[in-house]
Q: 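Below are the C-alpha cells for one structure; questions will follow.
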Amino acid sequence: MLRINELKLPLNHPEPALREAILARLGIPDADLIDFSVFKRSYDARKKAAIVLIYAIDAEVRNEAAVLARLARDQHVMPAPDTGYKFVQAARPAPGTPRPIVVGTGPCGLFVALVLAQMGLNPLVLERGKIVRERTVDTFGFWRKRKLNTESNVQFGEGGAGTFSDGKLYSQIKDPKHYGRKVLTEFVKAGAPEEIMYVSKPHIGTFRLVKMVEQMRAEIVALGGEIRFQTRVEDVLIDESGGERQVVGVRLADGEEIPTRHLAMAIGHSARDTFQMLYDRGVYIEAKPFSIGFRVEHPQSLIDVCRFGPNAGNKLLGAADYKIVHHASNGRSVYSFCMCPGGTVVAASSEEGRVVTNGMSQYSRAERNANSAIVVGITPDDYPGHPLAGIAFQRELESRAYVLGGSNYDAPGQLMGDFVRGVPSKEFGSVTPSFRPAVHLTDLAPSLPEYAITAMREAFVAFDKQIKGYYKEDAVLTGVETRTSSPIRIKRHDDTLQSLNTRGLFPAGEGAGYAGGILSAAVDGIKVAEAVALAMAG
C-alpha cells in the first residue's frame, strides 16, 4: 500500500477527479490502480474564493516497488505506515492478583477500561455520577430549572465532561504509535460516523456521544469488566511499610473497601474533592498553568463568511471554526479555546453557588451562534503557595460570577463593545445568547483579575485584524470560563506511568494534567491501560 500526501483538488471537484489525480501523481495507467481510500482530507481556505481540498490517499497499485523506486525523490509518496493497534505483550497476572480498578468514565477512563477488558484483565470501573441518560436528564434539568445535582452534571457522570461538548476529535499531541487511530476505530465501532476516520477536524456532537458511550460500556461489560455508577471513591488505601508506598485498595463513600494494587485515576479536571484526598494521602501533586476567560458568541453566518467568503455554506466545509491568538502588551497571551461552531454556551457548574461556562454542539452544528472561549493564560505565579491553590482561585472566580449573574445560576454577560469600553450593558442587540438558564447583563470587569480584563479588551480589537468582522459591538460575552484544563498535575514516571511516590497509582488523563480534550484523553487512557497490564505481569 502506498501513501500519497498533499494531493490538492478544487473544493467542488467532480468525484472522478480524485482517481485521475492519483493516476497523474503516480504516473500509472488506470488498470494499475487496484484500489484506494482517503486517509485524511483537509482544506486550505487562505484564498476564500478558491478553497482547495488536500488529500492523503492510501493506494493499492500493481508493481508497487517499481512505482516507489521511480518516485524516490517525491517526498509525498511513500509506503503507507501500519496504523493498526498492537496490544502490548504482557504475561498473565499471577493467580489471586486483585483486578485493576479504574476511577472515572470520561474518555480516558473508558479507554483504560476498554483496553484492559480487551486484554482479558476484567477491570472494575467506579464512577461517582450516573449512567449517561440519567445524567443527561439531571443536566438539562439544571439548565431549565436551576436545580444543580453536584454528583450528576456537565462535569460528573458517564462519558465525562466531553459528553456535553462539541465532540471534537482532533489533537496536536505527538502520536508515533497511532493510538489516535485506535480511538477513532473504537468510536466508529460504537456508532460514530465513518467520516471521523478521514476528515481533518472530526467531531461527533453530544447526542451521538451519548449513544457511543452506552455502546462502549456494553462492550467493556461483555468482555468481563464491571462498572458501578453512583459510587464515589472516598479514600485510597496505601501501605507504607518497607519504606515504599504501595496502593492496596480503595474505600468507597459507603464504607466498602475493595483491594487492588493497580489503580488508574481518570477523574477529570473538576474532581476537586478527590484531588484534595490524594494530596492529603501524600500523593505528589504540583500546581500547573491553565487559562481563564469568557465565552463569546457571534452569528455563525458571520464566521462562515469571514472564513469561507463565497464558499460559506458549502456542505463539505460545514460550519466554520476559527483559531486566534493575541500577545497583549501587558505580557499576557489571549487565545480562542474549544471553539464550537453552530453550538450553544452551557452551564457547567459542579459546585453550589458557582457559575462556570462551557461550549457544546450537536453533530449538525446547526444552531445560529458560533461560540468559543476566549481565555488568558495564567501560571502558578498568579496563584502562589499551596499545590492546590489553583482550585481555590477557580472557586473564587466562579463565586464572583454567581453573584454577578444574580445568585441564581444565571451567567453574567456583557456586549463586546461595552466590555472594551468598560461600561455595563443594558440590553442585547442582534445576538441572542444561548446560555441557559439565562444571561444577566452587567459589567464583567469584576469577574476576573485586572490583568486578564486588560489583555482581553486589547485582544478583541486586535482579533478583528485576523478575522474581519470579529470585533462586533453586540457580540455577547458570558462568564466565566475556568475549567479549560486541570489546575494540577499528579506527576508520574515517564516509563511506568505510576505516581512519582506511590506505586500502583496511575494518574491518567485530563484531571491528572496529561491530556486536554477527548482524543488526547482517550490516547492517554490507552497508554495507561498498557502500563497497568505490564505492571500486573511484572
Side-chain angles (χ1 to χ4, degrees), residues 39-40 56 81-88 90 100 102-119 121 123 125 158-163 165-190 192 195-204 209 212-213 215-217 219-220 225 262 264-269 288 337-338 484-486 489-499 506-535:
F39 181 78
K40 189 69 68 180
D82 180 5
T83 60
Y85 180 69
K86 310 294 189 299
F87 288 97
V88 295
V102 181
V103 182
T105 59
C108 181
L110 283 173
F111 271 87
V112 177
L114 178 64
V115 173
L116 287 175
Q118 289 172 339
M119 292 178 179
L121 295 175
V125 186
E158 186 180 23
T163 304
S165 71
D166 186 56
K168 287 179 279 290
L169 299 177
Y170 44 94
S171 174
Q172 295 180 328
I173 59 171
K174 294 180 180 179
D175 189 18
K177 294 186 177 180
H178 308 289
Y179 290 141
R181 198 73 176 170
K182 163 74 168 173
V183 173
L184 298 181
T185 299
E186 293 293 347
F187 280 161
V188 169
K189 189 165 70 172
E195 70 179 34
I196 69 169
M197 300 298 297
Y198 62 85
V199 296
S200 61
K201 295 182 179 180
H203 72 283
I204 300 174
L209 276 166
M212 289 164 50
V213 166
Q215 190 63 37
M216 292 181 69
R217 180 217 308 164
E219 181 173 358
I220 292 168
H262 303 90
M265 297 293 287
I267 52 181
H269 59 39
K288 63 173 276 295
F337 171 81
C338 186
T484 52
S485 67
S486 180
R489 178 169 286 112
I490 308 173
K491 291 279 285 185
R492 67 192 189 190
H493 291 284
D494 292 338
D495 52 354
T496 67
L497 304 192
Q498 298 182 54
S499 161
F506 296 80
E510 193 160 346
Y514 289 97
I518 293 173
L519 185 65
S520 62
V523 166
D524 199 59
I526 296 172
K527 294 177 181 178
V528 167
E530 293 179 346
V532 169
L534 291 170

Q: Under the 3.5 angstrom rule, does the side chain of Arg217 hit a backbone N or O of Leu110 as a donor-acceptor pair?
A: no
Q: Does Lys288 reach the main-chain N or O of Ser486 with its side chain, forming a donor-acceptor pair under 3.5 Å?
A: yes
Q: What's the separation between atom NZ in Lys40 and atom OH in Tyr198, rounded to the nearest 0.5 Å?
A: 11.0 Å
Q: Could you walk me through whether Met197 and Thr185 pass the side-chain contact (heavy atoms from CB on, under 4.5 Å) test, one step at a time?
A: CA-CA 7 Å; Met197 300 298 297; Thr185 299; 3.6 Å; yes
Q: Starting from the C-alpha separation in whole Å, work towards a yes-or-no answer on side-chain contact (heavy atoms from CB on, under 4.5 Å) for Tyr85 and Ile526.
A: CA-CA 10 Å; Tyr85 180 69; Ile526 296 172; 3.7 Å; yes
Q: Let me confirm one number: the NZ-CE distance from Lys189 to Met216, rounded to the nearest 0.5 Å.
A: 9.0 Å
Q: For the residue pair Phe111 and Phe187, categorise the inter-ring angle as parallel (less than 30°), tilted (30 to 60°) or perpendicular (more than 60°).
A: perpendicular
Q: Can you tell me if Lys491 uses its side chain to pair, donor with acceptor, with the backbone of Arg489 under 3.5 Å?
A: no
Q: About how many Å separate OH of Tyr179 and NZ of Lys174, when rounded to the nearest 0.5 Å?
A: 16.0 Å
Q: Salt bridge check, Lys527 against Glu530: does any charged N sit closer than 4.0 Å to a carboxylate O?
A: no
Q: Should we count NZ of Lys177 as having more than 12 external heavy atoms under 6.0 Å?
A: no
Q: Give, for atom NE2 of His178 and atom CG of Leu184, the distance between the pair rounded to the nearest 0.5 Å.
A: 12.5 Å
Q: State whether the side chain of Glu510 and the backbone N or O of Ser485 hold a donor-acceptor pair below 3.5 Å, judged by distance alone.
A: no
Q: How far does CD1 of Ile220 sit from CG of Leu116, to the nearest 0.5 angstrom?
A: 9.5 Å
Q: So, does Asp524 use its side chain to make a donor-acceptor pair with the main chain of Ala515 at under 3.5 Å?
A: no
